> 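Dropping the structure in here first, questions after.
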Number of protein chains: 2
Amino acid sequence: MEQQQISAYLLKSGIRPLQKRVKIMSYLVSKRNHPTVDMIYSDLIHEINGLSKTTIYNVLNLFVQSGVTLALNIEGNEVRYDADTSTHGHFKCKICSGVIDFRIRKEELPNPMLEGFRIDEHHYYLKGVCSFCVNKIEA
Amino acid sequence: MEQQQISAYLLKSGIRPLQKRVKIMSYLVSKRNHPTVDMIYSDLIHEINGLSKTTIYNVLNLFVQSGVTLALNIEGNEVRYDADTSTHGHFKCKICSGVIDFRIRKEELPNPMLEGFRIDEHHYYLKGVCSFCVNKIEA
DNA sequence: AATGTAAATTGAAATGATTACAAAAATAAG
DNA sequence: CTTATTTTTGTAATCATTTCAATTTACATT
């Protein structure tokens with residue numbers, strides 16, 4: 001996606017499309033790698049002069065609050081970020097630590113009987129070993 | 001559940017039923033409150049003389065590795081523990097921070113097309129506002 | 001009951017992720 | 001161009017968790 005489109009998208013979501021915000025969203029959208037803050041930092045530090053890790057935290061927190069990014073809590077010691085806010089599930093491989101998306105339709109997710117509750121977010125994730133690492137183990 | 005039963009259960013799961021382990025498992029099973037380590041500590045420190053927080057971490061890690069306890073990663077900054085290892089979902093209230101269970105059958109959970117993957121764990125959780133807090137907000 | 005050995009527990013220090021905060025820089029408005 | 005507001009930065013603080021060596025406990029064998 002073009003920086004132009006990213007800017008327009010942020011603006012539409014009530015976020016001023018400042019340089020670093022656009023770059024970070026652009027990173028999330030193009031890589032789709034469910035990165036941690038550290039991954040974003042080490043990838044963007046070369047590209048953005050004088051980028052601070054605090055800024056990444058600030059920007060991501062803003063994104064999450066504004067609803068343009070999901071914070072994924074799959075492992076206790078790391079938060080991963082995903083700019084795809086549509087309904088989908090995640091799989092995390094115990095071996096290579098990679099996180100991949102899988103499509104599910106909202107109607108497929110069970111709707112528990114929670115009388116009077118307001119449900120804002122659905123999270124569905126699986127853990128195991130991805131096909132690539134399964135082969136490595138068997139070999 | 002009686003301490004006797006807890007001990008037998010731990011033994012069957014390959015865990016030596018030492019005093020503190022039995023007390024911690026007993027706590028998890030009877031309270032069913034999805035506690036954090038801190039919650040367990042502040043509740044049991046009165047009951048168990050000279051209990052250390054490190055011990056709670058040790059015991060819980062053992063429980064999780066042995067498969068008798070689930071580690072729930074719903075919020076990025078806290079891990080909660082659940083001795084109910086059967087298939088079920090969790091709801092976390094944004095207001096009161098409480099976590100409650102809801103029943104779902106394994107067959108209800110969508111089975112994504114992940115050719116060649118080995119899937120070990122399914123996690124399904126919802127976030128929102130519980131009925132009690134919904135009323136508080138409206139009032 | 002006493003002894004020895006292995007396992008568990010402890011507390012202090014280390015680690016690692018995240019947040020708080022005040023100063024500096026960038027942005028927008030007049 | 002000047003000023004006011006917002007954003008970014010870097011350091012220090014915080015908080016959960018792990019590491020590790022020393023102490024204690026559990027348990028099998030005398």
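Keep in mind that the numbers below use all heavy atoms, side chains included, and drop hydrogens, waters and symmetry copies. Protein chains get the first letters and strands the later ones, always in sequence-line order, with residue 1 at the start of each. Computed from a predicted structure; not experimentally measured.
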> The side chain of A:Asn58 is closest to which nucleotide in this list: D:dT11, D:dT8, C:dA28?
D:dT8
> Could you walk me through whether B:Val59 and B:Met25 satisfy the side-chain contact (heavy atoms from CB on, under 4.5 Å) test, starting with their C-alpha distance in whole Å, then the side-chain angles of each, then the deciding distance to 0.1 Å, before giving a yes or no?
CA-CA 9 Å; B:Val59 170; B:Met25 178 54 78; over 6 Å; no
> Is the shortest heavy-atom distance from the side chain of B:Ile56 to the side chain of B:Leu44 under 4.5 Å?
no
> So, are A:Arg103 and A:Asp84 salt-bridged, with charged N and O less than 4.0 Å apart?
yes
> Nearest heavy atom decides the nucleotide; on that basis, is B:Pro17 or A:Ile48 closer to the 5' end of DNA chain D?
A:Ile48
> B:Leu60 CG to C:dA8 C1': how many Å, rounded?
15 Å
> Return the value, rounded to whole Å, for the distance between atom CD of B:Gln19 and atom C1' of C:dA8.
12 Å
> How are the rings of A:Tyr125 and B:His123 set to each other: parallel, tilted or perpendicular (split at 30° and 60°)?
parallel
> Report the nucleotide, chosen from C:dA17, C:dT9, C:dA28, that has the shortest atom-to-atom distance to any side-chain atom of A:Asp38.
C:dA17
> How many Å lie between CG on B:Asn49 and P on C:dG11, as a whole number?
10 Å
> Does D:dT18 have OP1 or OP2 under 4.0 Å away from a side-chain N or O of B:Asn61?
yes
> What is the distance from CZ of A:Arg16 to C1' of C:dA29, rounded to the nearest Å?
11 Å
> Select one nucleotide: of C:dA17, C:dT27, C:dT9, the one nearest the side-chain heavy atoms of A:Leu18.
C:dT27
> Between C:dG11, D:dG10, C:dT19, spot the one nearest the side chain of A:Tyr57, thanks.
C:dT19
> Can you check whether A:Ile74 reaches A:His34 side chain to side chain, under 4.5 Å on heavy atoms?
no
> Whole angstroms only, please: what is the CG-C1' distance between A:Leu51 and D:dT8?
10 Å
> To the nearest angstrom, how far is B:Tyr41 atom OH from C:dG11 atom C1'?
10 Å
> Relative to the 5' end of DNA chain C, which residue comes earlier, B:Gly76 or B:Lys53, by the nucleotide with the nearest heavy atom?
B:Lys53
> Take the protein atom CG of A:Asn77 and the nucleotide atom P of C:dG16, then report the distance between them rounded to whole Å.
11 Å
> Hey, does the side chain of A:Arg21 come within less than 4.0 Å of D:dT7's phosphate (OP1/OP2), counting only N and O?
yes
> Report the distance from atom CD of B:Glu75 to atom P of C:dT19, rounded to the nearest whole Å.
11 Å
> Between D:dG10, D:dT6, C:dA12, which one does the side chain of B:Thr54 approach most closely?
C:dA12
> What's the closest nucleotide to the side chain of A:Val59 if the choices are D:dC20, D:dA26, D:dT8?
D:dT8
